[in-house]
Amino acid sequence: MNVQDSEKMACLMEASGYKTTDNPGEADLIIVNTCSVREKAAQKAYSQLGRFRELKQKRRHLVLGVAGCLAQQLGDKFFKMFPFLDMVVGTHQIDRLPEIVASVSRSGGRLAETEFCGHVRSLDIPAQPLAGKVSSFVTIMQGCNNFCTYCVVPYLRGREQSRPLGDIVREVENLSLHGIQEVTLLGQNVNSYGKTLTQRADFAQLLEAIGKIPGIKRIRFTTSHPKDLSDTLISSFGRIQGLCEHIHLPVQAGSNKVLRKMKRGYTVEQYKERVAALRRVLPDISITSDMIVGFPGEEDDDFNQTLELMREVRFDGLFSFMYSQRKGTPAAEMEGQVPDEIKRERLNLLQSLQETHTLEKNRAIIGKTQEVLVEGASRKTPGDMTGRTRSNRIVNFTGGPELVGSMVNVKIVDAFSHSLRGEL
Ligand code: SAH
Ligand code: SF4
């Protein structure tokens with residue numbers, strides 16, 4: 001989502017005459033787009049901003065700004081922490097970026113704009129097909145109404161808002177006309193898409209409509225909340241040809257006690273039942289997930305239940321995090337905060353178990369032929385091209401640059417924990 005917001009900001013500024021550069025030393029405008037879902041992300045943003053202090057001293061006319069969730073959270077407090085900062089742009093103010101930049105450049109003063117709006121106007125800015133790209137993100141909704149007790153998103157991105165189905169379809173049609181073949185639909189909880197629309201629609205209908213757009217060969221989406229994963233949506237997997245055989249279904253914990261305290265709205269049993277339903281429709285569907293270790297009150301027994309769930313489900317991939325206390329969220333005030341050493345220990349155990357599962361899943365594909373959408377040249381190995389399978393696995397293979405943007409069949413010959421090796 002942040003990547004897409006950054007792209008939107010770049011587009012807006014390009015329309016005002018700016019050009020993007022890879023060299024901060026020659027920039028007239030720098031915006032640090034932040035995330036504050038975990039403390040580590042916030043710290044990264046602070047140190048990035050710190051590094052621009054010197055640049056700002058050398059280039060007086062440089063406009064330096066901060067955007068994203070941290071900007072929303074701290075507002076003008078940012079100016080106290082970083083006196084050389086010129087502007088703070090909240091999550092609902094992105095569309096006003098050119099105006100804010102112009103005002104700051106003209107007056108030489110500072111501006112913090114973090115008001116929440118009933119309608120997030122930046123949602124109406126269509127994604128632009130980036131030159132040479134075959135794949136694009138498309139935001140279908142913003143905000144979240146779930147209030148999981150550990151999470152800052154609903155406070156910093158606001159309440160859930162869906163974009164009208166027609167707008168999304170038109171945007172994808174335009175992307176397709178410009179050579180985009182794969183779209184990833186973005187929302188904090190795509191399964192509840194459409195609830196805020198006057199012209200009611202649901203996510204399965206949206207998938208159906210996008211599935212009919214010529215030229216769109218692959219459809220992905222993230223994130224899907226297990227409590228709202230309907231049977232209709234599950235059946236879409238067998239029905240809509242473009243829909244890739246992969247679902248990211250964050251479970252967060254394998255203990256009912258912890259899930260209850262997280263306010264996730266499902267039990268481990270219900271989660272496993274949804275996984276079984278998905279596998280009934282597509283036995284080989286790739287299932288990835290998010291997991292948090294060290295949530296307040298998590299004991300050894302709860303953690304062992306998380307490992308047990310992983311052994312049962314055997315995720316194709318897993319993003320795992322140490323619980324990070326976020327100010328203003330209910331979990332930050334809960335008793336039984338887990339010490340960092342224990343969180344780290346649990347994370348290591350969990351990640352090494354997952355590594356065995358990922359490898360096992362990847363190795364099972366050796367010898368099979370997979371359809372790969374070629375994205376570009378491999379950054380690591382010259383002469384290699386890289387792309388993804390429908391199950392979202394990275395495949396590297398020997399091939400020429402003329403293949404970029406084409407759909408090729410690749411036979412998998414080797415497997416590692418983060419990628420596959422193939423032959424055309
Ligand atoms: N809307 C998505 C997730 C958004 S945040 C969903 O519900 O699945 C992405 C991931 O960050 C979450 O799935 C969760 O695993 C993790 N996360 C969120 N808040 C966190 C916190 N306070 N500490 C650690 N991990 C967190
Ligand atoms: Fe955060 Fe939960 Fe909403 Fe995901 S569903 S954004 S974890 S509150």
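Hydrogens, waters and symmetry mates play no part in the numbers below; they use all other heavy atoms, side chains included. Because the structure is predicted, anything quoted here is derived from the model rather than measured. Ligands are counted one by one from 1 in listed order, and the atoms in each one are counted from 1 as well.
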Taking Lys133 first and then Glu7, would you say they form a salt bridge - that is, a charged N and a carboxylate O separated by under 4.0 Å? no

Is Arg163 salt-bridged to Asp124, going by a charged N under 4.0 Å from an acidic O? no

Distance-only side-chain donor-acceptor flag, Asn304 / Glu308, under 3.5 Å: no

Proximity of Phe52 and Phe82 rings by center, below 6.0 Å: no

Just to verify, what does Ser36 make a side chain to side chain contact (heavy atoms under 4.5 Å, CB included) with, not counting sequence neighbours? Cys69, Leu70, Gln73, Val152, Leu156, Arg326

Tyr155 vs Phe147 aromatic rings, parallel, tilted or perpendicular, using cut-offs 30° and 60°? perpendicular

Is there a heavy atom in Arg264 that sits closer than 4.0 Å to ligand 2? yes

Any sub-3.5 Å donor-acceptor pair from Gln72's side-chain atoms to Thr114's backbone N or O? yes

Quick one: side-chain hydrogen bond (donor to acceptor under 3.5 Å, both in side chains) partners of Arg239, sequence neighbours excluded? Glu208, Ser235

Counting from 1 in the order shown, the ligand 2 atoms closer than 4.0 Å to a non-hydrogen atom of His225 are 5 (S)

May I have a table of the N/O to N/O pairs between ligand 1 and the protein that fall below 3.5 Å, each row giving the two atom names and the distance to 0.1 Å?
| from | atom 1 | to | atom 2 | distance (Å) |
| --- | --- | --- | --- | --- |
| ligand 1 | 1 (N) | Gln188 | O | 2.9 |
| ligand 1 | 1 (N) | Gln188 | OE1 | 2.8 |
| ligand 1 | 7 (O) | Arg264 | NH1 | 3.4 |
| ligand 1 | 11 (O) | Arg38 | NH1 | 2.8 |
| ligand 1 | 13 (O) | Gln252 | NE2 | 2.8 |
| ligand 1 | 13 (O) | Asp290 | OD2 | 2.6 |
| ligand 1 | 15 (O) | Gln252 | OE1 | 2.7 |
| ligand 1 | 17 (N) | Arg38 | NH1 | 3.4 |
| ligand 1 | 22 (N) | Tyr150 | O | 3.0 |
| ligand 1 | 22 (N) | Ser324 | O | 2.8 |
| ligand 1 | 23 (N) | Ser324 | N | 2.9 |

Excluding waters, which protein N, O or S atoms are within less than 2.8 Å of atom 1 (Fe) of ligand 2? Cys151 SG

So Asp28 and Val63, do their side chains get closer than 4.5 Å, heavy atoms only? no

Measure from the side-chain N and O atoms of Asn174 to the backbone N and O of Glu171, and report whether any donor-acceptor pair falls under 3.5 Å. no

